[in-house]
Amino acid sequence: MMQLSQKALKMINKPHIRRCLMDALGVTEFTIARYIQNNSDNLTKSASLQVIRDSTGLNDDEILEIK
């Protein structure tokens with residue numbers, strides 16, 4: 001199972017990145033906050049990963065880890 005690294009989680013927990021994730025996934029801010037808190041696999045969806053790459057400059061090796 002894939003999940004986000006702690007580095008990526010810290011970097012995406014900012015209001016403007018959370019808004020981009022909300023738009024990409026079509027969910028509420030509360031849901032994004034829950035995804036981040038629980039390190040949900042919903043954050044590893046293609047749309048989420050593209051937002052994370054674009055917003056943080058991290059590559060996939062820095063974003064993802066295998067659980």
Side-chain angles (χ1 to χ4, degrees):
M1 183 168 128
M2 300 295 276
Q3 64 181 24
L4 297 189
S5 68
Q6 290 302 308
K7 179 179 181 178
L9 285 171
K10 287 179 186 175
M11 291 182 78
I12 66 170
N13 199 12
K14 296 182 170 110
H16 69 282
I17 298 175
R18 288 166 58 156
R19 279 192 292 281
C20 292
L21 288 167
M22 287 169 45
D23 292 342
L25 297 176
V27 297
T28 65
E29 185 172 2
F30 177 80
T31 300
I32 291 296
R34 192 178 74 235
Y35 286 173
I36 292 170
Q37 182 179 12
N38 297 331
N39 201 353
S40 170
D41 62 352
N42 287 311
L43 294 171
T44 64
K45 291 183 178 181
S46 179
S48 298
L49 290 175
Q50 191 60 52
V51 168
I52 295 168
R53 282 185 209 104
D54 293 344
S55 301
T56 65
L58 297 175
N59 63 41
D60 287 350
D61 290 335
E62 295 171 302
I63 296 170
L64 297 169
E65 58 185 34
I66 299 173
K67 181 177 179 186

Roughly how far apart are [X] [atom1] and [Y] [atom2], rounded to 0.5 Å?
X   : Y   : atom1 : atom2 : result
R53 : N59 : CZ    : CG    : 9.5 Å
I32 : M22 : CD1   : CE    : 7.5 Å
N13 : M11 : CG    : CE    : 12.0 Å
K14 : S55 : NZ    : OG    : 10.0 Å
I52 : L58 : CD1   : CG    : 8.5 Å
R18 : D23 : CZ    : CG    : 13.5 Å

Does the side chain of E65 reach to within under 4.5 Å of the side chain of M2, using non-hydrogen atoms? no

Is the backbone of [Y] close enough, under 3.5 Å, to the side chain of [X] for a donor and an acceptor to pair up by distance?
X   : Y   : value
S40 : L43 : no
N39 : L4  : yes
T44 : L64 : no

Residues K45, L49; criterion side-chain contact (heavy atoms from CB on, under 4.5 Å); working and verdict: CA-CA 6 Å; K45 291 183 178 181; L49 290 175; over 6 Å; no

For A8 versus E62, what's the shortest heavy-atom pair and its separation?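 Looks like CB-O, 4.4 Å.
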
Check I12, L9, L25, L21 against Y35 for a side chain to side chain contact (heavy atoms under 4.5 Å, CB included) and give me the one that passes.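 With Y35 as partner, I12, L9, L25, L21 yield a single side chain to side chain contact (heavy atoms under 4.5 Å, CB included), made by L25.
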
Would you indicate whether E29, at its atom CD, is surrounded by more than 12 heavy atoms from other residues, nucleotides or ligands within a distance under 6.0 Å? no

List the steps, then state whether side chain to side chain donor-acceptor pair (under 3.5 Å) holds for R34 with Q37. CA-CA 5 Å; R34 192 178 74 235; Q37 182 179 12; over 6 Å; no

